[in-house]
Amino acid sequence: MAPKRKKSPSIDPQGIFSGMVVFLVETGVQSRRLQIWKQKLVQMGATTEERLSKKVTHVFAINSQALLQQLDGQLLKRFKPRVLLYQWLEDSLRSGEKVSEDQYHLLVDMEGENTKDKSLVLKLVNENTSSADELSPHNEKIKSDVKKFKSDAENKGLSEVPNSPGSSDSSPLSQTLTNPIPSSTLHSDLSLPYSPPDLNRSITEIFGKLINIYRALGDDRRSFSYYKAIPVVEKLPFKIESADQVKDLPGIGKSMQDHIQEIVTTGKLSKLEHFETDEKVRTISLFGEVWGIGPATALKFYEKGHRTLEDLKNEDSLTHSQKLGLKYFDDIKTRIPRHEVQEMELLLQKTGEEILPGVDILCGGSYRRGKASCGDLDIVITHPDGKSHKGFLTRYVKRLKDMKFLREDLIFSTHSEEGTDSGVDTYFGLCTYPGRELRHRIDFKVYPRDIYAFGLVAWTGNDVLNRRLRLLAESKGYRLDDTGLFPATQASGGKRGARASASLRFDNEKEVFDFLGFPWLEPHERNL
DNA sequence: GGACGGTCTTC
DNA sequence: GAAGACC
DNA sequence: GTCC
């Protein structure tokens with residue numbers, strides 16, 4: 001079934017900038033900033049003009065020098081727009097309403113000097129990095145879920161020193177799916193971390209715990225509701241002091257308001273405290289960490305009287321996969337340093353090339369998102385010609401087993417081999433870093449290019465931004481999955497092989513950012 | 001009060 | 001075909 | 001849990 005897309009971008013015609021027609025002087029402004037401003041203006045009701053005309057009500061510039069460099073003074077005189085410093089925008093955005101323009105008028109005496117101190121302005125601009133707001137509070141229905149909101153180790157192991165996943169702009173997929181750049185591009189350019197305000201962490205932290213708990217209990221729906229609420233709360237530019245301030249936000253209903261109210265007044269959430277001290281909840285959560293054991297089975301074991309992982313080992317109803325999950329429980333939990341993932345990716349690419357020249361093999365997931373360490377390997381495979389991926393996975397897996405890279409299987413299914421069928425081949429298993437016995441989880445997915453239009457692979461290396469990015473994608477009816485792929489559509493609908501809409505295909509990350517209206521960040525700009 | 005994913009394994 | 005689990 |  002073709003994807004239902006469309007839906008206007010999240011624009012609020014009644015937003016605070018409603019009615020403004022804006023011309024932005026680009027001189028002296030980082031293009032990223034500019035994008036953010038432009039986007040915010042549009043989202044909050046303004047329209048932007050590419051050239052100065054009589055329609056224009058406001059002109060923004062960083063200083064008068066820049067202004068005159070780009071605009072003819074005569075035109076300004078003729079059209080008489082209000083000429084303001086960008087700082088007005090920033091301050092308005094921060095306060096959530098239009099601030100008085102008084103302080104921000106950019107006086108232009110035709111000679112070009114100006115009262116404001118340029119360096120000061122720049123400094124102010126640098127300071128405020130309240131980032132793009134993607135969503136206005138109403139609008140858009142969420143059309144599809146983001147599954148896999150695993151808040152696994154990625155969230156716990158906060159020690160993120162993300163590297164910059166690299167990506168070149170103009171490359172077709174085959175090149176986009178190349179290796180992340182080594183860590184050298186970092187700290188190239190100064191300060192100005194693109195750091196969104198994060199003023200409500202007390203709330204999002206608690207919600208994060210609830211996500212895990214509800215998921216362990218098998219209540220994925222509820223869990224997902226909290227998952228969705230986090231980026232909404234997270235992007236607020238102010239510290240919440242009362243539930244009133246969130247009552248109209250998307251994804252925040254009655255219960256969430258109550259929770260927020262309790263958190264901001266007492267600093268904690270009794271509901272969470274109860275969960276955390278409940279033996280049953282704790283035990284089920286623990287059992288659920290074993291690969292292959294989910295909420296239902298965990299509960300069953302709990303009711304049978306099992307309380308520890310040792311107890312579980314004596315359980316005779318375990319499946320093969322569950323036994324493996326138990327046996328390698330500690331191994332699997334061990335995180336893999338980034339550089340090792342990189343080496344393994346290289347090895348996998350090399351091996352793949354030997355079997356099928358031209359094949360695209362890439363490590364996605366948290367590695368691609370620039371994490372300093374990864375919980376597992378998430379390997380994405382495709383082939384540029386759209387056909388020769390068929391049958392590849394079987395040979396590939398065999399080869400990797402021969403060389404003792406792959407050790408144990410968890411799931412292995414192939415759909416691409418049977419002629420007309422163009423499903424997704426999947427392999428889940430355990431692998432080892434060469435010369436070591438420690439098991440790591442590894443997934444392979446082979447995507448026929450026509451079914452999955454590929455999106456970005458790197459995300460941003462910054463969790464807060466990533467959540468927003470995903471939320472944004474979702475608000476437009478798309479799904480951005482954990483591996484970093486953008487499935488164009490579901491390959492389902494009765495018969496696999498139904499052709500996906502080709503309307504959604506991105507050849508590089510920038511296209512995806514643009515498509516979503518997310519400000520483009522160079523790789524080195526993505527880290528906090 | 002129903003929807004909120006797609007796919008594979010196991011029963 | 002339903003339940004359970006995983007991404 | 002939220003949205004419709």
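Just so it is clear: chains get the letters A, B, ... in the order the sequence lines come, proteins before strands, and each one is counted from 1.
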- prompt: Between D:dC3 and B:dG6, how far is it from one C1' atom to the other, in whole Å?
  reply: 22 Å

- prompt: Looking across every strand, which nucleic acid part, if any, lies under 4.0 Å from A:His259 by heavy atom: base, sugar-phosphate, or nothing?
  reply: sugar-phosphate

- request: Please step through side chain to side chain contact (heavy atoms under 4.5 Å, CB included) for the pair A:Val446 and A:Thr382, ending with a clear verdict.
  value: CA-CA 6 Å; A:Val446 182; A:Thr382 192; 6.0 Å; no

field: Rounded interatomic separation in angstrom, taking CZ from A:Arg215 and P from B:dC4
entry: 20 Å

task: Using a cut-off of strictly less than 4.0 Å, decide whether A:Ser255 has a side-chain nitrogen or oxygen near OP1 or OP2 of D:dG1.
output: yes

task: For A:Leu410 and B:dT9, give me the distance from atom CG to atom C1', rounded to whole Å.
output: 12 Å

task: Mind checking the SG-CZ spacing from A:Cys431 to A:Arg407? Nearest 0.5 Å is all I need.
output: 9.5 Å

- prompt: Taking the P atom of each, how far is C:dA3 from B:dA3, in whole Å?
  reply: 15 Å

- request: Among C:dC7, D:dG1, C:dG4, find the nucleotide with the atom closest to the side chain of A:Phe428.
  value: C:dC7

query: So, is A:Lys271 near the phosphate of D:dG1, with a side-chain N or O under 4.0 Å from OP1 or OP2?
result: yes

field: A:Thr319 side-chain proximity, nearest of C:dC7, C:dG4, B:dC11
entry: B:dC11

- prompt: If you look at every strand shown and take non-hydrogen atoms under 4.0 Å, does A:Ile252 touch a base, only sugar-phosphate, or nothing?
  reply: sugar-phosphate

statement: Which of C:dG4, D:dG1, B:dT9 is nearest the side chain of A:Thr297? It is C:dG4

query: Is the closest basic N to carboxylate O distance between A:Glu315 and A:Lys300 below 4.0 Å?
result: no

query: How close or far is atom P of D:dT2 from atom CG of A:Leu249, stated in whole angstroms?
result: 12 Å

message: So if I take every side-chain heavy atom of A:Trp291 and compare against D:dG1, C:dC6, C:dA5, which nucleotide ends up nearest?
response: C:dC6

message: Salt bridge check, A:Asp258 against A:Lys254: does any charged N sit closer than 4.0 Å to a carboxylate O?
response: yes

- request: Round to the nearest Å and state the distance from A:Asp425 atom CG to B:dT7 atom P.
  value: 13 Å

field: Length of the line joining A:Arg222:CZ and B:dA3:C1', which is rounded to integer Å
entry: 15 Å

- prompt: Can you tell which of D:dG1, C:dC6, C:dA5 lies closest to the side chain of A:Tyr226?
  reply: D:dG1

- request: Could you please name the option among D:dG1, C:dC7, C:dA5 that lies closest to any side-chain atom of A:Pro295?
  value: C:dA5

message: On the nucleotide C:dC7, are OP1 or OP2 found under 4.0 Å from the side-chain N or O atoms that A:Arg441 carries?
response: yes

Length of the line joining A:Ile332:CD1 and C:dC6:C1', which is rounded to integer Å: 13 Å

Between P of C:dA5 and CG of A:Asp219, the distance in whole Å: 14 Å

- prompt: Have A:Tyr328 and A:His440 got a donor and an acceptor in their side chains that come within less than 3.5 Å?
  reply: no

- request: Whole angstrom is fine here: how far is it from CD in A:Gln257 over to P in D:dC3?
  value: 9 Å

message: Taking the basic N atoms (NZ, or NE/NH1/NH2) and the acidic carboxylate oxygens, is any pair closer than 4.0 Å for A:Asp198 and A:Arg201?
response: yes

- prompt: What nucleic acid atoms does A:Lys300 come within less than 4.0 Å of, heavy atoms only: base, sugar-phosphate, or nothing?
  reply: nothing

- line: Of the candidates B:dG5, B:dC11, B:dT9, the side chain of A:Arg221 sits closest to B:dG5

